[in-house]
Amino acid sequence: MNIYEMFIDYLLSNFEILIFFSICLIVAGFFLLFFFQNLKFKNNKDTITEYANDLHKTNKEIREYLIVVGNLLENQKKEITNISDKIVFIEREISRLGNIKGSEDMLSKAIDMVKNGYDREEIKNKTGLREDEVEAIYTYYKK
């Protein structure tokens, strides 16, 4: 018998043991594969959780930043409203001062007319002053 025949006889006589060990080796391989896959899954899960936490933190910072910007814009809106109100007030004051200046001009004109001998009706018609104003000017400035 040569060495090959002896080897084949040995394999055949121990065939069940070899099959058993082969199956055990395949089962152990599946368990190792499952273990490494589970370990990789856990690492991936931890990485995804870490990214999610970073994203949540970033979203929170952005939300706080937008709140601050919104508050600044609200304050600027209030300041613009205040400035707009002041501008309207100043426009009214300018208009009022113009009216006063116009009234002063009319009063001066009425005084000159009284001094030049115009009667009450003419002064009232040409200056647009009220009758009581014309009467007061007429009474005070008539010679």
Side-chain angles (χ1 to χ4, degrees), residues 1-116 118 120-142:
M1 265 207 202
N2 69 17
I3 193 148
Y4 294 114
E5 290 176 2
M6 285 176 42
F7 182 70
I8 291 177
D9 282 338
Y10 178 76
L11 284 178
L12 289 175
S13 65
N14 296 318
F15 183 72
E16 290 127 5
I17 294 173
L18 288 173
I19 294 295
F20 176 74
F21 281 123
S22 297
I23 291 174
C24 287
L25 188 62
I26 290 172
V27 169
F30 277 122
F31 279 123
L32 283 174
L33 183 63
F34 177 75
F35 174 74
F36 286 127
Q37 191 68 19
N38 192 23
L39 187 63
K40 186 161 179 80
F41 175 75
K42 185 172 173 62
N43 287 340
N44 287 344
K45 178 183 163 191
D46 292 341
T47 304
I48 290 171
T49 304
E50 185 178 319
Y51 285 142
N53 289 337
D54 288 344
L55 185 62
H56 179 69
K57 182 181 174 187
T58 304
N59 284 342
K60 187 175 180 182
E61 290 171 358
I62 290 172
R63 181 177 60 231
E64 290 171 358
Y65 175 75
L66 290 175
I67 288 170
V68 169
V69 168
N71 290 338
L72 286 174
L73 289 175
E74 188 66 32
N75 289 339
Q76 288 180 348
K77 179 182 172 186
K78 288 177 184 175
E79 288 180 28
I80 288 172
T81 302
N82 289 340
I83 290 171
S84 176
D85 291 343
K86 287 179 183 178
I87 289 171
V88 168
F89 175 75
I90 290 171
E91 287 174 343
R92 272 190 270 140
E93 286 298 307
I94 289 171
S95 175
R96 188 180 67 79
L97 290 174
N99 291 340
I100 289 172
K101 176 69 173 133
S103 295
E104 287 176 356
D105 289 345
M106 287 300 142
L107 289 174
S108 297
K109 185 176 180 181
I111 291 169
D112 288 341
M113 289 175 77
V114 167
K115 287 180 180 178
N116 290 330
Y118 287 89
R120 290 177 179 94
E121 273 309 306
E122 285 180 295
I123 296 171
K124 188 173 129 184
N125 290 337
K126 288 188 179 182
T127 61
L129 295 174
R130 294 187 320 259
E131 192 171 326
D132 60 331
E133 292 172 323
V134 172
E135 186 63 37
I137 291 170
Y138 201 82
T139 303
Y140 187 76
Y141 287 100
K142 185 168 173 159

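Model, not experiment: these values are computed from the prediction.
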inquiry  = Surrounding CD of E122 (heavy atoms of other residues, nucleotides or ligands, distance under 6.0 Å), is the total greater than 12?
reply    =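 More than 12 within 6.0 Å, yes.
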query = How about E16: does its CD atom have over 12 heavy atoms from other parts shown lying under 6.0 Å from it?
reply =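 It does not: E16 CD has 12 such atoms or fewer within range.
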inquiry  = For the backbone of I80 and the side chain of S84, can you confirm whether one donor and one acceptor N or O come within less than 3.5 Å of each other?
reply    =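 A pair under 3.5 Å: no.
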Gap between atom [atom2] of [Y] and atom [atom1] of [X] - 0.5 Å precision:
X	Y	atom1	atom2	result
M113	R120	CE	CZ	13.5 Å
I90	D85	CD1	CG	11.0 Å
D9	N14	CG	CG	10.5 Å
L18	L25	CG	CG	11.5 Å
E79	L72	CD	CG	10.0 Å
F31	I26	CZ	CD1	13.0 Å

ask   = Within a strict 4.5 Å, meaning less than it, do heavy atoms of the I67 and R63 side chains meet?
value =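 Result yes, sub-4.5 Å side-chain heavy-atom pair found.
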request  = Check whether any side-chain heavy atom of L55 lies under 4.5 Å from a side-chain heavy atom of Y51, and answer yes or no.
outcome  =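 No, side chains not in contact.
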task = Sequence neighbours left out, what passes side chain to side chain contact (heavy atoms under 4.5 Å, CB included) with I111? Give chain and number order.
result =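 Partners of I111 by the side chain to side chain contact (heavy atoms under 4.5 Å, CB included) criterion, ordered by chain and then number, come out as K115, I137, Y141.
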Could you tabulate the donor-acceptor pairs under 3.5 Å formed by side-chain atoms of residues 32-49, not counting sequence neighbours?
from: T47; atom 1: OG1; to: N43; atom 2: O; distance (Å): 2.8
from: T49; atom 1: OG1; to: K45; atom 2: O; distance (Å): 2.7

ask   = For the residue pair T127 and I123, what are the closest heavy atoms and their distance?
value =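 In this case the closest contact between T127 and I123 is OG1-O, 2.6 Å.
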